[in-house]
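Data block below; observations after.
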Amino acid sequence: MTTLTAPATETLLYEERGHVAIITLNRPERLNAITGEMLEALSAQLIACQREPEIRVIVLTGAGRGFCAGLDLVDQQQRLQGSGESNIGAPGYSLFDLRDAPPVVLQRMDKPVICALNGAAAGYGMDMALLADIRVASDQAKMGAVFAKRGVLPESGGTWILPRLLGWARAAEVAFRGRVLDAQESLEVGLVNEIVPHEELMTRTLELADEIAANAPLSVQATKRMMRLGMDEPFEAAVDHIYLQLLPLFQSDDFKEGVRSFMEKREPNFQGR
């Protein structure tokens, strides 16, 4: 496989293991508080993974003891001053132009994204974690929905995804109270899929990623796309769109391989064609 390229930065690490891409936020000394450079590199790397046929699953995690403490506002302020922009809240301020920001890119992606939640996820970091499809949490992980305690709101998709994940009442409680939830509380309310001992986090996450990557990638991606679009369309429209997605899958080599392997009582070998 050809290794994908993205903007060079020491603060965002990239690794491929088979059909799985691992993206690691790498500012452990700042709990991976995300800078403008990291935002640009992360978006570029996610888009590159989406376009690379050999990549079937993306794992997103953080280095050190935190997943992501949120936006690095010191870095953002310096970038604004360097570009001549105004202060936060003033006319012309453009930090939260999210058209190509990682949360928007994550929400648009057809390939499955698993967040290996290695520590605290707060603010922007929490929104990014929630926009992954599956979250495997270390027993040391935390979710910090502290926006209301900082005088802001979940600016990067949190107000959209929280009610869809938790239902209105539970999402309102988490957001309005500005709560920090530990791993067990996050599991109980439905913010994470499972908890594992910290030292087993990547082992378990990669097991899950490999299991998904072994399935027919066109099928998995079409399923995710239909699930995403179906959240905002009526049932009859969803059924119609699903049928239109199904027709090309019937023509794929992977569909033929799936039927053949079933008849021959063996594991399938999907090629993504």
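Quantities reported herein were computed from a predicted structural model and do not represent experimental measurements.
Under the 3.5 Å distance criterion, with hydrogens and angles disregarded, no donor-acceptor pair is assigned to the side chains of R65 and Q140. Side-chain contact, E267 with N269: no donor N or O sits under 3.5 Å from an acceptor N or O.
A salt bridge between R228 and D110 is present, with a side-chain N of the basic residue lying under 4.0 Å from a carboxylate O of the acidic one. Here R204 does not pair with E200 in a salt bridge; the nearest charged N to carboxylate O distance is not below 4.0 Å. Note on R273 versus D254: no salt bridge recorded, every NZ/NE/NH1/NH2 to OD/OE distance being 4.0 Å or above. Ionic pairing of E185 and R179 is present here: one or more N-O contacts between side-chain nitrogen and carboxylate oxygen are shorter than 4.0 angstrom. A salt bridge links R266 with E257: at least one charged nitrogen is closer than 4.0 Å to a carboxylate oxygen. Using a cut-off of 4.0 Å between Lys/Arg side-chain N and Asp/Glu carboxylate O, D232 and R164 are scored as salt-bridged.
Between A69 and R30, the closest heavy-atom pair is CB-O, 4.2 Å. In terms of heavy atoms, T11 sits closest to E37 at OG1-OE1, 3.5 Å. Counting all heavy atoms, side chain and backbone alike, A171 lies closest to L166 at N-CB, 3.9 Å.
Each of T205, I58, L206, I114 was checked for a side-chain contact (heavy atoms from CB on, under 4.5 Å) with I22, and the lone residue meeting it is L206.
More than 12 heavy atoms of other shown residues, nucleotides or ligands fall within 6.0 angstrom of atom CD in E29. No more than 12 heavy atoms of other residues, nucleotides or ligands sit less than 6.0 Å from atom CE of M263. For K111, the NZ atom is densely surrounded, since the number of other residues' heavy atoms within 6.0 Å is greater than 12. Residue-environment remark: CD (E236) stays at or below the threshold of 12 foreign heavy atoms within 6.0 Å.
Remark: the backbone N or O of G62 is not paired with any side-chain donor or acceptor of N32 at under 3.5 angstrom.
A cation-pi arrangement, defined by a distance under 6.0 Å to the six-membered ring centre and an angle within 45 degrees of its axis, is absent between R170 and W168.
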Y14/C49 under side-chain contact (heavy atoms from CB on, under 4.5 Å): CA gap, chis, key distance, verdict: CA-CA 11 Å; Y14 180 79; C49 288; 3.8 Å; yes
